[in-house]
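Okay, so here's the structure we're looking at.
Model, not experiment: these values are computed from the prediction.
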Amino acid sequence: MTDAAALPGQPRGGVLSGPATARAVNVLAPNASAMTLDGTNTWIVSEPGSERAVVIDPGPLDEGHLSAVVATAEQAGKRVALTLLTHGHPDHAEGAARFAELTRTRVRALDPALRLGDEGLGAGDVIEVGGLELRVVPTPGHTADSLCFHLPADRAVVTGDTILGRGTTVVAHPDGRLGDYLDSLRRLRSLTVDDGVHTVLPGHGPVLEDAQGAVEFYLAHRAHRLAQVETAVEDGHRIPADVVAHVYADVDRSLWPAAELSVRAQLEYLEEHGLI
């Protein structure tokens with residue numbers, strides 16, 4: 001067994017559902033798969049002592065899960081006052097409209113198509129609910145509409161799919177772009193250096209205790225994969241599926257369709273920079 005402290009980001013062991021920081025509680029959705037890992041993490045965040053809470057990523061349209069999120073908040077003496085989305089993929093956002101009905105809340109997101117209410121989300125926005133402060137951090141790359149939420153009081157950041165608790169994420173081409181994703185990782189690295197963020201509250205997988213280590217690992221991983229793709233093209237593998245078979249031979253074949261999205265994003269990046 002590998003010591004978790006030796007893994008990238010120092011993942012926290014134990015049960016995924018439950019309290020993660022003084023202000024964040026996870027309710028794990030029952031949608032485990034190769035792509036979603038243990039399932040989607042739905043985050044309930046609130047200021048200690050406050051009766052109002054914010055829910056980030058209600059998850060899939062699963063009545064049992066949505067009810068469990070409401071019940072978890074209520075058992076803590078809190079009422080859900082606002083729903084936020086890190087991005088629009090169904091495993092994070094499909095249940096948002098139904099959850100808004102259950103809680104009578106607005107849904108705020110970067111993508112106007114996902115919003116319920118007049119307010120969206122953008123760079124520099126600060127969300128304040130019941131004394132809680134969340135700062136919106138734009139992190140496009142996995143998708144064009146990806147956001148993270150900085151929780152300064154806990155020195156934590158909710159990352160959606162931009163950083164996972166285990167493994168690495170997909171740059172979901174054509175919506176996701178590698179150049180944007182690398183810029184987003186650097187933006188998150190700045191949070192760890194300049195703002196003291198040390199905890200990652202991911203959209204999937206365990207909490208990470210070493211945010212800076214996780215970001216550095218992701219940047220190194222992307223540089224390594226990009227170099228592999230560039231070499232594969234130089235060796236004559238120019239069709240994305242062929243590049244996947246060459247570069248991702250050690251990856252479970254069930255993940256190759258997702259890997260092909262990242263490869264397409266990497267090929268686009270290399271072409272834009274005149275490297276192939």
Side-chain angles (χ1 to χ4, degrees), residues 16-31 36 39-139 143 145-154 156-162 201-204:
L16 294 179
S17 281
T21 68
R23 292 165 180 80
V25 175
N26 181 32
V27 182
L28 182 65
N31 62 334
T36 61
T40 301
N41 294 334
T42 294
W43 292 102
I44 303 173
V45 289
S46 62
E47 193 67 17
S50 173
E51 296 180 355
R52 304 173 71 203
V54 174
V55 166
I56 303 173
D57 289 352
L61 184 53
D62 181 293
E63 288 288 338
H65 173 64
L66 300 178
S67 297
V69 176
V70 175
T72 299
E74 290 179 344
Q75 288 166 9
K78 300 179 185 295
R79 174 181 64 84
V80 179
L82 179 64
T83 302
L84 304 175
L85 296 177
T86 61
H87 65 297
H89 279 168
D91 56 313
H92 294 257
E94 186 183 36
R98 174 57 178 153
F99 188 72
E101 290 179 1
L102 293 173
T103 57
R104 298 181 181 179
T105 59
R106 295 165 294 143
V107 177
R108 295 181 63 180
L110 179 61
D111 185 349
L114 300 171
R115 301 172 190 167
L116 290 175
D118 297 330
E119 290 185 279
L121 292 170
D125 286 352
V126 178
I127 299 161
E128 296 179 343
V129 174
L132 177 77
E133 179 183 299
L134 286 168
R135 299 175 184 172
V136 178
V137 183
T139 50
T143 60
D145 69 329
S146 288
L147 299 170
C148 292
F149 298 98
H150 177 201
L151 182 54
D154 283 347
V157 61
V158 180
T159 56
D161 282 354
T162 299
L201 306 176
H204 304 278

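Remark: Glu51 CD is loosely packed, at most 12 non-hydrogen atoms of other residues, nucleotides or ligands lying under 6.0 Å away.
Here the CG atom belonging to Leu66 is positioned 9.5 Å from the CD atom belonging to Glu94, to the nearest 0.5 angstrom. Annotation: the span from Leu110 atom CG to Leu85 atom CG amounts to 10.5 Å, rounded to 0.5 Å. Rounding to the nearest 0.5 Å gives a distance of 12.5 Å between CD of Glu74 and NZ of Lys78. Distance CG/Asp57 to CD1/Ile44: 12.5 Å, rounded to 0.5 Å. Summarising the geometry, atom CG belonging to Leu16 is positioned 6.5 Å from atom CG belonging to Asn41; distances are rounded to the nearest 0.5 Å. Taking CG of Leu82 as the reference point, atom OG1 of Thr105 lies at 6.5 Å (rounded to 0.5 Å).
A donor-acceptor pair is defined here as one N or O able to donate and one able to accept, closer than 3.5 Å; such a pair exists between the side chain of Thr72 and the backbone of Ala68. Side chain of His65 to backbone of Gly95: no donor-acceptor contact under 3.5 angstrom is found. Within the 3.5 Å criterion, the main-chain N or O of Gly160 finds no donor-acceptor partner in the side chain of Thr86. Under the 3.5 Å distance criterion, the side-chain polar atoms of Asp154 are left unmatched by any main-chain donor or acceptor of Ala156. Without hydrogens or angle criteria, Ser17 side chain to Leu28 main chain gives a donor-acceptor distance under 3.5 Å.
Contact check for Glu133 versus Pro152: side-chain heavy atoms found under the 4.5 Å cut-off. The shortest side-chain heavy-atom distance between Leu134 and Val126 does not fall under the 4.5 Å cut-off. Residues Trp43 and Val54 are not in side-chain contact: their nearest non-hydrogen atoms beyond the backbone lie 4.5 Å or more apart. Looking only at side-chain heavy atoms (C-beta outward), His204 and Asp161 come within less than 4.5 Å of each other. Using a 4.5 Å heavy-atom cutoff, the side chains of Arg108 and Asp125 are in contact. Side-chain contact between Val45 and Ile56: present, with at least one pair of heavy atoms (C-beta onward) separated by less than 4.5 Å. No side-chain heavy atom of Cys148 sits less than 4.5 Å from a side-chain heavy atom of Val158. For the pair Val70/Phe99, a side-chain contact is recorded, criterion being any heavy-atom separation below 4.5 Å from C-beta on.
Closest of all the heavy-atom pairs between Gly59 and Thr42 is N-OG1, 4.0 Å. Considering every non-hydrogen atom in both Val80 and Ala73, the closest pair reads CG2-CB, 4.0 Å. Minimum heavy-atom separation, Val136 to Pro138: O-CD, 3.8 Å. Residues Ala97 and Leu116 come closest through the heavy atom pair CA-CD1, 3.8 Å. When all heavy atoms of Pro48 and Ala22 are compared, the pair lying nearest together is CG-O, 3.9 Å. Closest of all the heavy-atom pairs between Arg115 and Ala109 is NE-O, 2.9 Å.
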**Study point:** Steps toward side-chain contact (heavy atoms from CB on, under 4.5 Å) verdict (Val107, Leu114)
**Key:** CA-CA 7 Å; Val107 177; Leu114 300 171; 5.5 Å; no
Exercise for review: Verify side-chain contact (heavy atoms from CB on, under 4.5 Å) between Leu147 and Leu121, making sure each step is shown before the conclusion.
Suggested key: CA-CA 9 Å; Leu147 299 170; Leu121 292 170; 3.7 Å; yes
**Study point:** Candidate pair Thr21 and Leu201, rule side-chain contact (heavy atoms from CB on, under 4.5 Å), full reasoning
**Key:** CA-CA 9 Å; Thr21 68; Leu201 306 176; 4.1 Å; yes
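Of the N and O atoms on the side chains of Ser146 and Thr143, at least one donor lies less than 3.5 Å from an acceptor on the other residue. Looking at Asn31 and Thr36, their side chains never bring a donor and an acceptor atom within 3.5 Å of each other.
Checked for salt-bridge contact, Glu63 and Arg98 meet the test: a charged N lies under 4.0 Å from a carboxylate O.
By the 30° and 60° cut-offs, the orientation of the rings of His87 relative to His92 is tilted.
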